[in-house]
K.L.:
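Would you mind keeping the following structure in view while I ask a few things?
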Amino acid sequence: MYAQTTQLIQREQVGPGYHLLEFDCPQVAAAAQPGQFVHIRVTGDWDPLLRRPFSVMGTNEAEGSFQVLMRTVGRGTQMLAEAQSGTKFDIMGPLGNGFALPGPEGEVVLVAGGIGVAPLIFLATALREPGGSRYIRGLFGARSADDLCCWLEFSGVCDEFNAITEDGSTGEQGLVTDFLPPQLKRGTGCVYACGPALMLAEVARQCEGAEVPCYVSMEQRMGCGVGACLGCVIPTQADGTQRYQRVCKDGPIFDAEVVDWEAIHRGCTPG
Amino acid sequence: MYAQTTQLIQREQVGPGYHLLEFDCPQVAAAAQPGQFVHIRVTGDWDPLLRRPFSVMGTNEAEGSFQVLMRTVGRGTQMLAEAQSGTKFDIMGPLGNGFALPGPEGEVVLVAGGIGVAPLIFLATALREPGGSRYIRGLFGARSADDLCCWLEFSGVCDEFNAITEDGSTGEQGLVTDFLPPQLKRGTGCVYACGPALMLAEVARQCEGAEVPCYVSMEQRMGCGVGACLGCVIPTQADGTQRYQRVCKDGPIFDAEVVDWEAIHRGCTPG
Amino acid sequence: MAAPQVDLSVELAGLSLVNPVLVASGTFGYGTEYGELVDVGRLGGICTKAVTLQPRAGNPPPRICETPAGMLNAIGLQNPGVEVFIGEKMPALREFGVPIIVNVAGESVADYVSLAERLSDCADIAALELNLSCPNVKRGGMQFGIDGELTERVVAAVREATELPLIAKLSPNVTDIASIGEAARDGGADALSLINTLLAMSIDIDRRQPMLANVTGALSGPAIRPVAVRMVWEVAQAVDLPIIGMGGITSAADALQFIMAGATAVAVGTANFVEPGISGRIIDDLEDFCQQAGVACAADLIGAAHGSSDVEGLQ
Amino acid sequence: MAAPQVDLSVELAGLSLVNPVLVASGTFGYGTEYGELVDVGRLGGICTKAVTLQPRAGNPPPRICETPAGMLNAIGLQNPGVEVFIGEKMPALREFGVPIIVNVAGESVADYVSLAERLSDCADIAALELNLSCPNVKRGGMQFGIDGELTERVVAAVREATELPLIAKLSPNVTDIASIGEAARDGGADALSLINTLLAMSIDIDRRQPMLANVTGALSGPAIRPVAVRMVWEVAQAVDLPIIGMGGITSAADALQFIMAGATAVAVGTANFVEPGISGRIIDDLEDFCQQAGVACAADLIGAAHGSSDVEGLQ
Ligand SMILES: Cc1cc2nc3c(=O)[nH]c(=O)nc-3n(C[C@H](O)[C@H](O)[C@H](O)COP(=O)(O)OP(=O)(O)OC[C@H]3O[C@@H](n4cnc5c(N)ncnc54)[C@H](O)[C@@H]3O)c2cc1C
Ligand SMILES: Cc1cc2nc3c(=O)[nH]c(=O)nc-3n(C[C@H](O)[C@H](O)[C@H](O)COP(=O)(O)OP(=O)(O)OC[C@H]3O[C@@H](n4cnc5c(N)ncnc54)[C@H](O)[C@@H]3O)c2cc1C
Ligand SMILES: Cc1cc2nc3c(=O)[nH]c(=O)nc-3n(C[C@H](O)[C@H](O)[C@H](O)COP(=O)(O)O)c2cc1C
Ligand SMILES: Cc1cc2nc3c(=O)[nH]c(=O)nc-3n(C[C@H](O)[C@H](O)[C@H](O)COP(=O)(O)O)c2cc1C
Ligand code: FES
Ligand code: FES
């Protein structure tokens, strides 16, 4: 884990409200594992106060840089979206636990909802590294074609790829979870998912039914990012005991069986 | 009085910690009188919260622009000092009363301390306009040569000009007020002064002794800038009654006789 | 501009306001200071700078300083006194054609009563706002607002003295704001204003002295908004009186927090200094919000965040 | 780096701190979370996250949200309980070699007493900080800190139960903080910590619900600093006990405001989340400030802003 001043070396708009940011940071580039995130301070001042968490989408060890795919939703992302390349940002990372590797058997299915594609691109890239011969299916769902951000990057690291949009503007029409059941039937060894909480809940439900291991990347509003403030918890249950676990430290990747989806349905999501 | 979004069209460093800023704002350029100020919002956000007041140093009616000479002292001025030209700023102005014109008789002496030269440059420029045949002496004091900012602009609009530095690094050595008494003896009709409060107090004392009318430009921390909050007052006395008057509305230019210098010595200055 | 079908009007203490956006006492002078810059006639109403029986010089400067997302002030109720107010300020205020709520401050119950009596004789005053909460004066002011019994006593005495609608303005510098609100209700207040400023202080570390000549000052601005929303929420639950919510409002979204917490109207304070036209922008944006949310009457949003079921936690 | 001649050490409740910069309870976990990023051994001391007798699950999420120059939290005292604290957290905390101040929270006087007794048996605890001021739990917590009598009672009971230095942590959500400080002193506290957080709230206007599942939350960060400085100032005048000042500290300049207001030490809270290394930077900058100001001992600055004569005003 590092905390240091880095430079935004490139910022590219990759869709309406979507930006690909590249930061110069050899330490994070060398250390980051798929599923981990960075915690970015968007200002040198104290308002907005808190750092903003973003999944690492990829690293370039040779260049010493890493990328983040960002959707503009509020004040902090707006500031990042407007930053000139060359701007310095204070970054902590890599943080969180990262994805558990899949077991030796079966194909891997990656289920991405919107901006949730970012850590899955990183994961697929890693799974394909020399020695990795895993067959990877990517399912990428979003509201419309505009929101299928970086689908080329994603499809490029998958062996099979499906785009799904709610409005049918590109690919298949429907929800990404409508297209998961057939995959689960054909020898899938492990599912990885990242996207809106309700999508993850549905993925988890389907995987549980099909008895396929499933890992999800969770979100929660964050304070410290390192496990100290206990601000970022989600409800979990394991071995019959319910408790609150930290997204920043015990996650952001959770075994889908451990997450207390019912409690999450009752309203524990950030917004 | 206007409130509107203007553009910083030029920013030039004119000394260590001094910047000359030029804003595109036809309304202020057309309306501003010497001694008046603008109230600049340094951010689109709410921290730092308050606007910052700056005297107008000059206007260019043809171009529709005006200038401000700024010394970097804290957060707000730092932000302005780093702004790229093209940046938009929300500006209110022109505000305040402006200098009273001198009576018909005698020469005019302008006493500037440091950054206080700004409104006096504007005043001298106005006094020299077609029809103005007033003989103008400029006294410009500062800590050192580095702080004699825009002295060329100032001397260029004076008929006679003296630079005084505390460390003697340029011009005469001493305080600017050491060089005022001889001027007061030779038929000065009116003194205008802008600078640190203690310098103004001394100028006022000398002018009172010599029975020369004197107008000073005062500073105080400001809230609204338009007379509504009563935050920017200084103690004054006239006709035997003491009261608090607003720098933003009743000033920033005050007849030196009206200012309660004793109370100011007791500590009513901003900082 | 939004289409006309949204109804922004609200009823408050017997007043009909065309929209719920007022300007807060002490932050809009007597209206005329902003007349050149602001379309004052669009406002839901104006709360004037506090008026006292006698003229007051106010506190020595420096009177203000900046703090993180906020500011301190210690004006000390500088004002020309009620006679000059009636004679010189009211004529211009009247011209705006909006409800004028006169904020009054006294050092004793008798002061408040005299002020109420005097102002009852003046035409076109919509309501009195009893400032029980000024933290910047040695006598009176906050002393009333931090004490339930005194609050009830002063409100009751003024209630006897005037027919004007009475709005009690509460101090946030208390352990239990709801009980003070109840006291004001028991005294006969028609509405409550909250919050006034938080008692606070900054130190100039170079001069090793307080930043303000008055030593302590009154904190306002966005920094205090979460405290203000909480207090409106608590008082709305405890007291069945309309509330004017304020504290750090800078946008329609902020105003809606107060309204959903239970405020019938809101007042924009410190933000006027930073963006004089802000109240007009908030009115426009409130209309837009209602339109987009399919809300026909803004008044339907009052208290809308109450009653959402508590999320149940683990043991 | 500054030359060594400045003495930053301070004495507090019988403890000798190498410098006056602590980290505030609940913002630095149990030290290890920041171990990789921060040179914890340089700190003046660590105030741990609150410990309760039994493990606590804490409040449901969302537990935090951002506000202007501040944040709300409603953690709800999630912690593994005193036994796990002693068995699993203290060993690592000890390793840092700095004073460990254990923040304790109870629902009853008996809870506080049991905690004090249990922790008295554990080696290397420098002091107890009695959290009388947590606004995020239904029972206990703030209920103690807003009541002078209860404050005195709980402090006195714990005083009987332990030899450890006792630091009473006060709630700012009171009308008269000085009187609560006096009550803690009368109960036998060796020092006071202030301030804990302000009770506050934000509303999500789109969902028309409170931002936090707990409805209300605790406001911290720069936004509250002026309130905190004022309270330290008031308590320093009224109570002759050393004070640990906190609330929105982000720099040595901020820390000096508290020290000059009368604090013997300071604690950095929320700012740790934003800049983990901030406490080290503040220690360095304090040293620089003293050097440049010609101050040999930082302790000489304690209360330095008091006693500057009031500026006299007009009538
Ligand atoms: C582990 C993790 C990984 C993430 N990865 C990505 C990513 O790769 N790309 C991306 O675009 N976004 C990602 N997000 C969401 C991203 O952090 C938020 O969109 C962002 O913080 C919003 O900041 P804002 O200032 O624009 O929004 P505002 O609404 O102004 O933020 C206000 C506060 O709420 C928090 N917040 C708002 N939305 C969220 C959210 N969805 N999750 C957590 N906190 C939130 C902010 O951090 C801030 O503290 C991730 C979140 C988490 C927890
Ligand atoms: C009528 C008037 C005209 C001025 N003209 C000029 C000018 O032409 N050029 C120039 O460089 N400066 C001028 N000043 C001073 C300038 O306003 C301050 O230097 C500036 O506000 C400092 O802001 P900051 O954020 O950098 O400092 P900070 O110290 O961070 O400011 C904190 C707060 O204190 C206020 N403040 C700080 N110093 C002063 C001061 N000296 N006077 C008033 N308020 C202060 C700020 O406005 C702000 O609200 C003028 C001030 C007044 C009142
Ligand atoms: C400079 C200033 C002067 C004020 N004067 C008064 C006053 O005279 N009477 C009063 O009741 N409130 C006064 N207030 C308090 C405001 O009306 C309002 O309650 C408070 O500032 C919170 O709102 P805000 O954060 O939006 O400013 C004053 C506030 C400021 C900033
Ligand atoms: C997330 C969080 C958790 C906290 N937990 C505790 C706690 O367990 N016990 C306690 O006494 N104070 C707790 N506090 C209060 C801080 O110790 C401190 O008093 C307060 O935050 C003000 O300081 P700050 O503004 O620098 O954060 C907590 C604060 C935060 C932000
Ligand atoms: S963000 Fe602080 S514990 Fe996770
Ligand atoms: S700054 Fe508000 S009255 Fe002058």
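Throughout, protein chains are lettered first and strands after them, A, B, ... in sequence-line order, and every chain is numbered starting at 1.
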K.L.:
Counting only heavy atoms closer than 4.5 Å, note whether F258(D) contacts chain C via side chain, backbone, both or neither.
P.N.:
neither

K.L.:
Exactly one of D254(D), I259(D), L256(D) should register a side-chain contact (heavy atoms from CB on, under 4.5 Å) with I205(C). Which one does?
P.N.:
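So, applying the side-chain contact (heavy atoms from CB on, under 4.5 Å) to I205(C) and each of D254(D), I259(D), L256(D), only L256(D) qualifies.
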
K.L.:
Looking at T175(D), L219(D), T250(D), which makes the most heavy-atom pairs under 4.5 Å with chain C?
P.N.:
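Of the candidates given, the most pairs with chain C belong to T175(D).
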
K.L.:
I'd like to check L199(D) versus V227(C) (side-chain heavy atoms, cut-off strictly below 4.5 Å). Are they in contact?
P.N.:
no

K.L.:
Which heavy-atom pair separates P68(C) from A69(D) by the least distance, and what is that distance?
P.N.:
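Looking at all heavy atoms of both residues, the shortest contact is CB-CB, 4.0 Å.
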
K.L.:
Of the non-hydrogen atoms in A223(C) and A223(D), which two are nearest, and what is the gap between them?
P.N.:
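Closest approach of A223(C) to A223(D), heavy atoms only: CB-CB, 3.7 Å.
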
K.L.:
Quick one: of G248(D), P172(D), G221(D), P226(D), who has the most non-hydrogen atom pairs under 4.5 Å with chain C?
P.N.:
P226(D)

K.L.:
For Q54(D), I'd like to know if atom CD has over 12 heavy atoms of other residues, nucleotides or ligands within 6.0 Å.
P.N.:
no

K.L.:
Checking A293(C) against chain D: side chain, backbone, both or neither under 4.5 Å from a heavy atom?
P.N.:
both

K.L.:
Applying side-chain hydrogen bond (donor to acceptor under 3.5 Å, both in side chains), can you list everything that pairs with E275(C), at least two apart in sequence or on another chain?
P.N.:
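side-chain hydrogen bond (donor to acceptor under 3.5 Å, both in side chains) list for E275(C), sorted by chain: R41(B), R281(C).
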
K.L.:
Using the side-chain contact (heavy atoms from CB on, under 4.5 Å) rule, take R230(C) and I203(D) through it: C-alpha gap first, then chi angles, then the decisive distance, then the call.
P.N.:
CA-CA 9 Å; R230(C) 185 266 293 181; I203(D) 290 175; over 6 Å; no

K.L.:
Can you tell me how far apart CG (D176(D)) and CG (N173(C)) are? Round to the nearest 0.5 Å.
P.N.:
11.0 Å

K.L.:
For L301(D), is it the side chain, the backbone, both or neither that has a heavy atom under 4.5 Å from a heavy atom of chain C?
P.N.:
side chain

K.L.:
What are the two closest non-hydrogen atoms of S202(D) and Q257(C), and how far apart are they?
P.N.:
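In terms of heavy atoms, the two residues are closest at CA-OE1, 3.4 Å.
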
K.L.:
Can you see which heavy atom on V229(D) is nearest to which on M201(C), and at what distance?
P.N.:
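That closest heavy-atom pairing would be CB-O, 3.6 Å.
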
K.L.:
Relative to chain C, which segment of D147(D) carries a heavy atom at a distance below 4.5 Å: side chain, backbone, both, or neither?
P.N.:
neither

